[in-house]
Amino acid sequence: MREPISGDARLALDLALTIRHDGNGGVTDDLADPAGLTEWVRAHPELLSGTAPGRPDDHRDGFADGTAPQPAGGEADGAGFTADAAQLTAVRELRAAVRALFARAVRPGEPSPADAARLMPLAEAVRHLNEAAARTPTVPFLDWPEGAAPLVRPKPVRAADDPAAALAHAVIAFLASPDRDRLRACHAPRCVRYFLKEHPRQEWCKPSCGNRARVARHHQRHKATA
């Protein structure tokens, strides 16, 4: 059975997966320069537009309710976003923290081989994530629909113009959710991706990785018996 993936989980994963296999045995970085970050944010308009999707069961209080903080009034538009060097540095530093926390989340499994040997220390990663999230102050916002229980959600006190802060809120919501237990690192040959298990028997991030892994195992067995 395919489990739904929340909007926060998708944003957190997509950020981590900007480090990816380049198809030639190496690793490439989609956020190598401000132009790369600009393209990536514009492809994720929910970061700045106030339309970040949440989980189907968004009914809990606080940041763990499955919704990244929404811009006040929702006027921001990701299509008009252009990254500068400071924003690039902030998002790249946040990504390093996220990948270190992903490596912790998949224990006792092995982390992605892309950066397993140079992960940010865990205490530093947690501090960095929290500091990034704090750049968008929030206040409690009461929503009490007719015939329903009152809900309390965090709401920014100003429009979101900091993609790193918006991403940090999404990452915190993901790591504090049950989705975290589904996180895995794919160890198929030439893959450096993290993914969420969608069914209990899933071992790889996608079928092509499973095919490569099976071929590699076959060759290894053949070599061992030759």
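Residues take their numbers from the sequence shown, with the count starting at 1.
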In short, P111 meets A185 closest at the heavy-atom pair C-CB, 3.8 Å
Can you name the closest pair of heavy atoms from A164 and R135 and give their distance?
-> CB-NH2, 3.2 Å
With rounding to the nearest 0.5 Å, note down the distance linking CG in L17 to SG in C186.
-> 10.5 Å
With a 4.5 Å limit on heavy-atom distance, are the side chains of D115 and V27 in contact?
-> no
Give a yes or no on whether E39 atom CD has more than 12 heavy-atom contacts from other residues, nucleotides or ligands under 6.0 Å away.
-> no
Closest heavy-atom pair and its distance - V192, A114 | CB-CB, 3.7 Å
So which heavy atom on H21 is nearest to which on G26, and how close?
-> CD2-O, 3.2 Å
Does any donor atom in the side chain of R99 or S112 lie under 3.5 Å from an acceptor atom in the other side chain?
-> yes
Give the cluster check for L47 versus L31: same hydrophobic cluster or not, with ILVMFWY residues linked at side-chain heavy-atom distances below 4.5 Å.
-> yes
Treat each ILVMFWY residue as a node, draw an edge where side-chain heavy atoms are under 4.5 Å apart, and state whether L13 and L101 are in one component.
-> yes
Within the distance-only criterion (no hydrogens, no angle test), does the side chain of H169 pair as donor or acceptor with the backbone N or O of A133 below 3.5 angstrom?
-> yes
Do other residues, nucleotides or ligands put more than 12 heavy atoms under 6.0 Å from the CZ atom of R180?
-> yes
Measure the shortest side-chain to side-chain distance between V152 and F141 over non-hydrogen atoms and say whether it is less than 4.5 angstrom.
-> no
Which pair of non-hydrogen atoms, one from C205 and one from C209, has the smallest distance, and what is that distance?
-> SG-SG, 3.6 Å
Between atom NE2 of H187 and atom CZ of R193, what is the distance when rounded to the nearest 0.5 Å?
-> 13.5 Å
Verify, without hydrogens or angle tests, whether H199 (side chain) and Q202 (backbone) share a donor-acceptor contact under 3.5 angstrom.
-> yes
Return yes if a side-chain donor-acceptor contact under 3.5 Å exists between T28 and R20, otherwise no.
-> no
Within one Ile-Leu-Val-Met-Phe-Trp-Tyr cluster: L167 and L196, side-chain cutoff 4.5 Å = yes
Main-chain N/O of D84 paired to Q87 side chain as donor or acceptor, under 3.5 Å | yes
Should E131 and R127 count as an ion pair when the cut-off is N to O under 4.0 Å?
-> yes
Any donor and acceptor pair, going by atom type alone, linking the side chain of R42 with main-chain N or O of F81 inside 3.5 Å?
-> yes
Report yes or no: do V106 and L119 belong to one cluster of Ile/Leu/Val/Met/Phe/Trp/Tyr joined by side chain heavy-atom distances under 4.5 Å?
-> no
Any side-chain heavy-atom pair from W40 and T18 closer than 4.5 angstrom?
-> yes
D143 CG to R153 CZ distance, which is reported to the nearest 0.5 Å = 6.5 Å
R182 side-chain N/O to K197 backbone N/O, donor-acceptor pair under 3.5 Å = yes
Tell me, with the steps shown, if V171 and L11 meet side-chain contact (heavy atoms from CB on, under 4.5 Å).
-> CA-CA 7 Å; V171 170; L11 279 172; over 6 Å; no
Among the clusters formed by ILVMFWY side chains lying less than 4.5 Å apart, do L183 and I5 turn up in the same one?
-> yes
Identify the two heavy atoms, one from D179 and one from A9, that lie closest to each other, and give their separation to 0.1 Å.
-> OD2-CB, 4.0 Å
Test salt bridge (charged side-chain N to carboxylate O under 4.0 Å, His left out) applied to R92 - qualifying residues, sequence neighbours left out = D29
Are C191 and W204 side-chain neighbours, meaning at least one heavy-atom pair lies under 4.5 Å?
-> no
Among L94, V91, L88, which one satisfies side-chain contact (heavy atoms from CB on, under 4.5 Å) with P163?
-> V91
Determine, stepwise, if the pair L151 / L142 fulfils side-chain contact (heavy atoms from CB on, under 4.5 Å).
-> CA-CA 6 Å; L151 305 175; L142 179 67; over 6 Å; no
Run the numbers on L175 and L129 for side-chain contact (heavy atoms from CB on, under 4.5 Å), then give the verdict.
-> CA-CA 11 Å; L175 291 175; L129 179 63; 4.2 Å; yes
Aromatic ring proximity F102/F174, centre distance under 6.0 Å = yes
